[in-house]
Trainee: 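One structure, as structure tokens, below. Some questions next.
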Amino acid sequence: QVQPVESGGGLVQAGNSLRLSCSVSGLTFSVYAMGWFRQAPGKEREFVAAISRSGGRTNYADSAKGRWTITRDIGKNRGYLQMNSLKPEGTAVYFCAAAVQVGVSSLPQGPADYSFWGQGTQVTVSS
């Protein structure tokens with residue numbers, strides 16, 4: 001079965017950085033787009049960033065643009081979300097997800113576009 005697994009979450013002070021990792025079993029990285037989503041307490045799950053199957057295109061939510069970076073390890077079944085300048089508003093459970101049956105350059109933003117989801121990793125940003 002396909003199973004994304006996140007790691008790298010934790011408790012950090014505002015202004016510091018974290019790098020989240022996502023490993024996906026059952027698929028090679030090139031056959032799916034990877035997305036990162038987050039869900040804060042009492043809020044809906046929201047899109048954060050995506051990277052295409054090819055690894056050559058990325059897409060970011062406005063909240064992440066200019067501060068965070070989504071990448072992949074070429075030839076490996078792993079992706080990353082580098083989160084710099086974290087703010088308390090960034091506190092949430094972060095999920096990685098894999099979208100199959102998409103174009104090589106596709107950057108889906110909707111949760112419904114993603115078929116496989118990890119369990120999430122908690123990120124808590126203190127003031």
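For clarity, every value in this text was computed on a predicted model and none was experimentally measured. Along the sequence shown, residues carry numbers from 1.
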Trainee: Short question: side chain of W68, backbone of L81 - any donor-acceptor pair under 3.5 Å?
Mentor: no

Trainee: Please find the pair of heavy atoms, one from K43 and one from Q39, that lie closest to each other, and give the distance.
Mentor: O-NE2, 3.1 Å

Trainee: Write down the atom of V12, the atom of S17, and the distance for their closest heavy-atom approach.
Mentor: CG1-O, 4.4 Å

Trainee: Main chain of R57, side chain of S52: is a donor-acceptor contact present, judged purely on distance under 3.5 Å?
Mentor: yes

Trainee: Starting at OG of S126, measure out to CG of L11 and round the result to the nearest 0.5 Å.
Mentor: 5.0 Å

Trainee: Can you see which heavy atom on D113 is nearest to which on Q109, and at what distance?
Mentor: OD2-N, 4.1 Å

Trainee: Is any side-chain heavy atom of V48 closer than 4.5 Å to a side-chain heavy atom of Y60?
Mentor: no

Trainee: About how many Å separate CE of M34 and CD1 of I70, when rounded to the nearest 0.5 Å?
Mentor: 7.0 Å

Trainee: Begin from the C-alpha positions of T121 and V93 and carry the test side chain to side chain contact (heavy atoms under 4.5 Å, CB included) through to its verdict.
Mentor: CA-CA 5 Å; T121 185; V93 177; over 6 Å; no

Trainee: Return the OG to CG distance between S21 and D73, rounded to the nearest 0.5 Å.
Mentor: 8.5 Å

Trainee: Which is it for T69 and T71 under the side chain to side chain contact (heavy atoms under 4.5 Å, CB included) test, yes or no, and what are the steps along the way?
Mentor: CA-CA 6 Å; T69 305; T71 57; 3.8 Å; yes

Trainee: How close do A50 and P108 get, counting heavy atoms only, and between which atoms?
Mentor: CB-O, 3.9 Å

Trainee: Got a second to check how far I51's CD1 is from S106's OG, nearest 0.5 Å?
Mentor: 13.0 Å

Trainee: To the nearest 0.5 Å, how far apart are CD in E6 and OH in Y94?
Mentor: 12.5 Å

Trainee: Under 4.5 Å between side-chain heavy atoms, hopping through other hydrophobics if needed: is there a path connecting W36 to L27?
Mentor: yes

Trainee: Please answer: with hydrophobic residues joined when any side-chain heavy atoms are less than 4.5 Å apart, are V100 and V102 in the same cluster?
Mentor: no

Trainee: Are Y80 and R19 close enough that a side-chain donor and a side-chain acceptor fall under 3.5 Å?
Mentor: no

Trainee: Answer yes if the ring centres of F37 and W117 are under 6.0 angstrom apart, and no otherwise.
Mentor: yes

Trainee: Can you get from Y114 to F116 by hopping between Ile, Leu, Val, Met, Phe, Trp and Tyr side chains that sit under 4.5 Å apart?
Mentor: no

Trainee: Heavy-atom count around Q122 CD within 6.0 Å, excluding the residue itself: above 12?
Mentor: yes

Trainee: Please walk me through it: do Q119 and V5 pass side chain to side chain contact (heavy atoms under 4.5 Å, CB included)?
Mentor: CA-CA 7 Å; Q119 295 298 309; V5 178; over 6 Å; no

Trainee: Indicate whether the side chain of R78 and that of S23 have a donor and an acceptor atom separated by less than 3.5 Å.
Mentor: yes

Trainee: Tell me if a side-chain donor or acceptor on R38 pairs with a main-chain N or O of V123 at a distance below 3.5 Å.
Mentor: no

Trainee: Once rounded to the nearest 0.5 Å, what's the spacing between atom CZ of F47 and atom CG of L107?
Mentor: 7.5 Å

